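Quick note: numbers below take in every heavy atom, side chains included, and nothing from hydrogens, waters or symmetry partners. One-based numbering, in listed order, for ligands and for the atoms of each. In what follows, residues are counted from 1 in the order of the sequence shown. Just so you know, these numbers come straight off a predicted model, no measurement behind them.
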Amino acid sequence: MKLLVTGGAGFIGPHFIRHVLQKYPTYSVVNVDKLTYAGNLENLRDVEADPRYRFVHGDICEAAAVREAARGVDAILNFAAESHVDRSILGADEFLKTDVVGTFTLLEAARELKIPRYVQVSTDEVYGSIDRGAFRESAPPKPTNPYSATKAGADLLVSAYWTTHRLPVLITRSSNNFGPNQYPEKVIPLFITNALEDRPLPLYGDGKNVRDWLYVVDNCAAIDLVLRAGVPGEIYNIGGGTEVENIVLTRQILRLLGKPESLIQRVTDRPGHDRRYALDCHKIRALGWKPGHDFGAALAETVRWYREHEAWWRPIKSGEFKAYYARQYVDRA
Ligand code: NAD
Ligand code: TDX
């Protein structure tokens, strides 16, 4: 099987590519990535010499480049996105381009080239916040921030290509991922690396927002299963089943690092901050998936990875990230 993976140089993409190349000796992967601030070829060093892997530096909004890369593949998996909520609040331009127009461009290529399978990697955020219970796949999208709105727009377009064109599409909606190689703008790597630098951990609002954490390799196994066994036209929720309040998560990270709670800095809340995400995962479980990692052990492993890979995150934090962080958190403090 030949796969086209987009956004394969970000956080989840490299884990998925590694998963596929290790598990299936006959598979090959073409990775199209624009290498935005979030793309980093360091994340793929261990696979780049594999003859079954090829990198193409390209933008999913460019139809000709997409068509060229997609020719002859058996499936497209679209991981490429602008993915950070706080950046979408500062400015949503690139979110509309990549998350919506990019998805449209890929769908058109898949239709024209009659690609047998298309997987859209989406998010629990499209459902919006839920106080009690959990969203099923049939719940209508109710996004609350520009990022989730563009992801929801993309999902609707993907579903429309099934209904209208019978393009064999599948959508995965996962909860918050964590693990090695996650860009340090997201809360877990931000808090781990700030703590390692003895800098404050900026906790939004009352710290009681809840996220359902999923170890990244478990998400990759689920996406692989949906690719192989999912029913075209269907949506699959993928949740870690571990709901944690941000304040609890923050204390857990500090404990793992042996750092004091005085590093916690309460800052102004994120505008439109979703209180709680929760997914009903009966559908993906019926396909035969469940999370394979315990949250506490996976968090400890992640903390260890950042501790041992300063050479990976220090250049990021002193580069593009620095200006972003100043803009983001100086205002809130
Ligand atoms: P990421 O921000 O770490 O990586 C995104 C990648 O896409 C980068 O390599 C970037 O260079 C690339 N990219 C951006 N614009 C592009 C374009 N126009 N053309 C080609 N490549 C482009 O994101 P991630 O955390 O790895 O998330 C991957 C996917 O999973 C996204 O679609 C995201 O919405 C979804 N998702 C993420 C999470 C999470 O917790 N990280 C949870 C649920 C869903
Ligand atoms: O500095 C921070 N302080 C803080 O309290 C940051 C960056 C976050 N937070 C809070 C906000 C959220 O309640 O932590 C929680 C997690 O925040 P993020 O890591 O920004 O993730 P979230 O907004 O939940 O979105 C993530 O999960 C769904 C990913 O970024 C999305 O790409 C994915 O779709």
Task: D59: salt bridge (Lys or Arg N to Asp or Glu O under 4.0 Å) partners, not counting sequence neighbours - done: K34
- [ ] Specify the protein heavy atom at minimum distance from atom 5 (O) of ligand 2: its residue, its atom name, and the distance to 0.1 Å.
- [x] Y204 N, 2.9 Å
Open item on the list: I'd like to check R117 versus L170 (side-chain heavy atoms, cut-off strictly below 4.5 Å). Are they in contact?
Closed with: yes
Task: E185: numbered ligand 2 atoms lying under 4.0 Å from its heavy atoms - done: 7 (C)
Task: Basic-acidic side-chain contact under 4.0 Å: K317, E197 - done: yes
Task: Distance-only N or O hit between ligand 2 and P202, under 3.5 Å - done: yes
Task: Residue portion contacting ligand 2 (non-hydrogen atoms closer than 4.0 Å) for D274 - done: neither
- [ ] Please write down residue, atom name and distance for the protein heavy atom closest to atom 22 (P) of ligand 2.
- [x] E125 OE2, 3.3 Å
Open item on the list: At less than 4.0 angstrom from any non-hydrogen atom of L190, what atoms of ligand 2 do you find?
Closed with: 1 (O)
Open item on the list: Quick check: Y277 with Y127 (ring centres under 6.0 Å apart)?
Closed with: no
TODO: Among all protein heavy atoms, pick the one closest to atom 11 (C) of ligand 2 and tell me residue, atom and distance.
DONE: H273 NE2, 3.3 Å
Open item on the list: With a 4.5 Å cut-off on side-chain heavy atoms, are D86 and Y204 touching?
Closed with: yes
- [ ] Look at atom 1 (O) of ligand 2 and say which protein heavy atom is nearest, naming residue and atom and giving the distance to 0.1 Å.
- [x] Y329 OH, 2.7 Å
Task: Protein heavy atom at shortest distance from atom 17 (O) of ligand 2 - done: R270 NH2, 3.9 Å
TODO: Output the list of atoms in ligand 2 that are nearer than 4.0 Å to some heavy atom of T123, sorted by atom number.
DONE: 28 (C), 33 (C), 34 (O)
Task: Shortest non-hydrogen contact between A80 and I60, atoms and distance - done: CB-CD1, 3.9 Å
Open item on the list: Which residue and atom name correspond to the protein heavy atom nearest atom 26 (C) of ligand 2, and how close is it?
Closed with: N176 ND2, 3.4 Å
TODO: Please confirm whether R52 makes a cation-pi placement over Y27, using NZ or CZ under 6.0 Å from the six-membered ring centre and within 45° of the ring normal.
DONE: no
Open item on the list: Check this for me: does any side-chain nitrogen of one of K151 and D155 sit under 4.0 Å from a carboxylate oxygen of the other?
Closed with: no
N/O to N/O under 3.5 Å, ligand 1 against protein:
from	atom 1	to	atom 2	distance (Å)
ligand 1	2 (O)	S83	OG	2.6
ligand 1	3 (O)	F11	N	3.1
ligand 1	9 (O)	G10	N	2.9
ligand 1	9 (O)	D33	OD1	3.3
ligand 1	9 (O)	D33	OD2	2.6
ligand 1	11 (O)	D33	OD1	2.6
ligand 1	11 (O)	L35	N	3.4
ligand 1	11 (O)	T36	N	3.0
ligand 1	11 (O)	T36	OG1	3.1
ligand 1	18 (N)	D59	OD1	2.9
ligand 1	18 (N)	T98	OG1	2.9
ligand 1	19 (N)	I60	N	3.0
ligand 1	21 (N)	K34	N	3.0
ligand 1	23 (O)	S83	OG	3.4
ligand 1	26 (O)	F11	N	3.2
ligand 1	26 (O)	I12	N	2.8
ligand 1	32 (O)	F79	O	3.1
ligand 1	32 (O)	V121	O	3.4
ligand 1	32 (O)	K151	NZ	2.7
ligand 1	34 (O)	Y147	OH	2.7
ligand 1	34 (O)	K151	NZ	3.0
ligand 1	40 (O)	N177	N	2.9

Task: Heavy atom of K151, distance to ligand 2 below 4.0 Å - done: no
Open item on the list: Using a 6.0 Å distance limit plus a 45 degree cone around the ring axis, check whether R307 lies over the aromatic ring of W305.
Closed with: no
Task: I171 versus S122, closest heavy-atom pair with distance - done: CG2-CB, 3.9 Å
- [ ] List every atom of ligand 2 that sits less than 4.0 Å from any heavy atom of D86, numbering the atoms from 1 in the order shown and giving each element.
- [x] 7 (C)
TODO: Taking only heavy atoms of F191 into account, list the atoms of ligand 2 that are under 4.0 Å away from them.
DONE: 1 (O), 3 (N)
Open item on the list: Among all the protein's non-hydrogen atoms, which is closest to atom 29 (C) of ligand 2, and how far away is it?
Closed with: S83 O, 4.0 Å
Open item on the list: Only heavy atoms of Y147, strictly under 4.0 Å: list the atoms of ligand 2 that pass.
Closed with: 31 (C), 32 (O), 33 (C), 34 (O)
Task: Atoms in ligand 2 flagged as close to R211, the criterion being non-hydrogen separation under 4.0 Å - done: 12 (C), 13 (O), 24 (O)
TODO: Give a yes or no on whether the ring-centroid distance for Y215 and F178 is below 6.0 angstrom.
DONE: yes
Open item on the list: Considering both backbone and side-chain atoms of V187, is one of its nitrogen or oxygen atoms within less than 3.5 Å of a nitrogen or oxygen in ligand 2?
Closed with: yes
TODO: Answer yes or no: does an N/O atom from W213 fall short of 3.5 Å to an N/O atom of ligand 2?
DONE: no
Open item on the list: Among all the protein's non-hydrogen atoms, which is closest to atom 10 (C) of ligand 2, and how far away is it?
Closed with: N246 ND2, 3.5 Å
Task: Which of the ligand 2 atoms, numbered from 1, are nearer than 4.0 Å to a heavy atom of H84 - done: 20 (O)
- [ ] Start with the C-alpha gap between D124 and R276, add the side-chain angles, then the distance that decides, and say whether salt bridge (Lys or Arg N to Asp or Glu O under 4.0 Å) holds.
- [x] CA-CA 10 Å; D124 59 0; R276 173 175 174 263; over 6 Å; no
- [ ] Give yes or no for whether the N/O distance cutoff of 3.5 Å, strictly under, is met between Y277 and ligand 2.
- [x] no
TODO: Would you verify whether the NZ or CZ of R87 falls within 45 degrees of the ring axis of Y324 while also being under 6.0 Å from that six-membered ring's centre?
DONE: yes
